[in-house]
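Heads up: numbering here begins at 1 and tracks the sequence. Predicted model only: the values in this text are computed from it and were never measured. Counting convention: from 1, in listed order, for ligands and their atoms alike.
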Amino acid sequence: MTTPRYPFLDLADTNRPFQERIEQAVLRVVRSGRYIGGEECKSFEQNLARLVGTDFCVGVSNGLDALRLIFRAFIELGQLAPDAEVIVPANTYIASVLAVTDNGLRPVFVEPDPRTLNLDWNAVLNAVTPRTGAIMTVHLYGRACWDQSIADTLRRRGILIVEDNAQAIGAQALDGRYTGSLGDAAAFSFYPTKNVGAIGDAGAVTTNRRDLADMVRALANYGSDRRYHNIVCGYNCRLDPVQAAVLNVKLPAIEEENARRREIAEIYNAEISNPYISLPLPGGLDMVWHQYVVRVENRDGFTAFLDSRGVGWDIHYAVPPHRQPCYTRYSGLNLPVTDDIARSVVSLPVSPSTSPDDARQIAAVINSYSPQRAIF
Ligand SMILES: *Cc1c(COP(=O)(O)O)cnc(C)c1O
């Protein structure tokens, strides 16, 4: 297929404003002779903790590892039973669930709120059992997913709250606190397509709990709390200083980049008006538009139409975790809201390299779509 006129995401283009400084940062690491840990990693951790508003931050290898390490650390600390149930949204990226099952924990899937596509907190309360050890809130598509009063109720019952903040860096809860500082611990991903993207894999854990931060740091470094002293059987999940150096360049621009995403989303919300296309809920500071996700019946027809008009698109996600071949043990679950979302979602271009003009033209293209017109 030829490159669409309005690409879904052009990573080289999104990095162009940072290009020179990224190259200088990488060169700095190359010349430093320090290739594991060091100053770039340390200052990245300080920068992210300050931005999010937590006491601690541990840079790690990627977002999945960040989540895996959080659960493993709570188990090692004796704060989570090794076979506990963990309530997870059924409508999420597979990594959220992999982190649970990888640790031998039991995922309990709950249906999302069909309006926000995020966790339904009342459904969470209904899913709590005496075996519930933790819940995971995923700020999906960049929308903060938090209910303070239900979170307080869960905490009083000794249930941990873990945030999967891979998609929502810079989003705020109603009280102004940033996602990544709301629960007991949070995982970040800096996969290149995320709102802050590295030039490879990278991730982080943020928390206000010193015991958790120390255990995550140890686990990510063979389980050692100091050199050649292993308190637990750990992994190698360290943050690469090349990625840290790149992230130190890009992190300060997050508010500006998120503002550009909001501008694009507001144009779509105001200008797309087509009875066949359902728009996402509007958002304020709670939403950083990692994805702009519409819903449509006859998705194949709609995406073929977008292809014919040069509009890039993607699907997040076509197959929910409980329908994946690796999770046949959950395939019997009845999750109709999640199945219906997976069948109908389409993501439109919303990166910082989508211009307001592009967005207006994409909106006009979408307004001209009709499922009855078979020939495009
Ligand atoms: C990207 C993502 C992850 C995994 O992050 P990686 O850095 O790719 O391992 C986890 N959860 C969600 C919701 C994500 O979008």
Cation-pi check, R68 onto Y235 ring (under 6.0 Å, within 45° of axis) | yes
**Request:** Salt-bridge test for E40 and R34: reply yes if a basic N is under 4.0 Å from a carboxylate O, no otherwise.
**Result:** no
Honestly, for D164 the part within reach of ligand 1 (heavy atoms, under 4.0 Å) is side chain
So the atoms of ligand 1 within less than 4.0 Å of a heavy atom of G63 turn out to be 5 (O), 6 (P), 7 (O), 9 (O)
Ranking Q291, H316, Q167 by closest non-hydrogen atom to atom 15 (O) of ligand 1, top hit is Q167
Open item on the list: For a quick check under 3.5 Å, do Q167 and H139 share a side-chain donor-acceptor pair by atom type?
Closed with: no
- Query: Are any side-chain N or O atoms of N103 and backbone N or O atoms of L105, one a donor and one an acceptor, separated by less than 3.5 Å?
  - Reply: no
Candidates A204, G197, S189; heavy atom nearest atom 5 (O) of ligand 1 found on S189
Ligand 1 to L64, heavy atom cutoff 4.0 Å, flagged ligand atoms 4 (C), 5 (O), 6 (P), 9 (O)
Subject >> Donor-acceptor pair between Q148 and D152 side chains, under 3.5 angstrom >> reply: yes
Checking R227, R238, R226 against N221 for side chain to side chain donor-acceptor pair (under 3.5 Å), the one that qualifies is R238
Point to revise | Nitrogen or oxygen atoms of Y191 and ligand 1 under 3.5 Å apart | key: no
task = Could you say whether the N/O atoms of Y93 and ligand 1 ever approach to under 3.5 Å?
result = no
If you measure from each heavy atom of H290 to ligand 1, is any distance below 4.0 Å?
no
*Taking the six-membered ring for Trp and the single ring otherwise, decide whether the centroids of F44 and F190 are under 6.0 Å apart.*
yes
Review point. So is D201 polar-close to ligand 1, meaning N/O to N/O under 3.5 Å?
Key: no
Test: R260 cationic atom under 6.0 Å from W289 six-membered ring centre, within 45° of axis
no
Please check whether A95 reaches ligand 1 - meaning an N/O of the residue sits under 3.5 Å from an N/O of the ligand, judged on distance alone. no
**Message:** Below 3.5 Å, N or O to N or O, backbone or side chain included: is there any such pair between A166 and ligand 1?
**Reply:** no
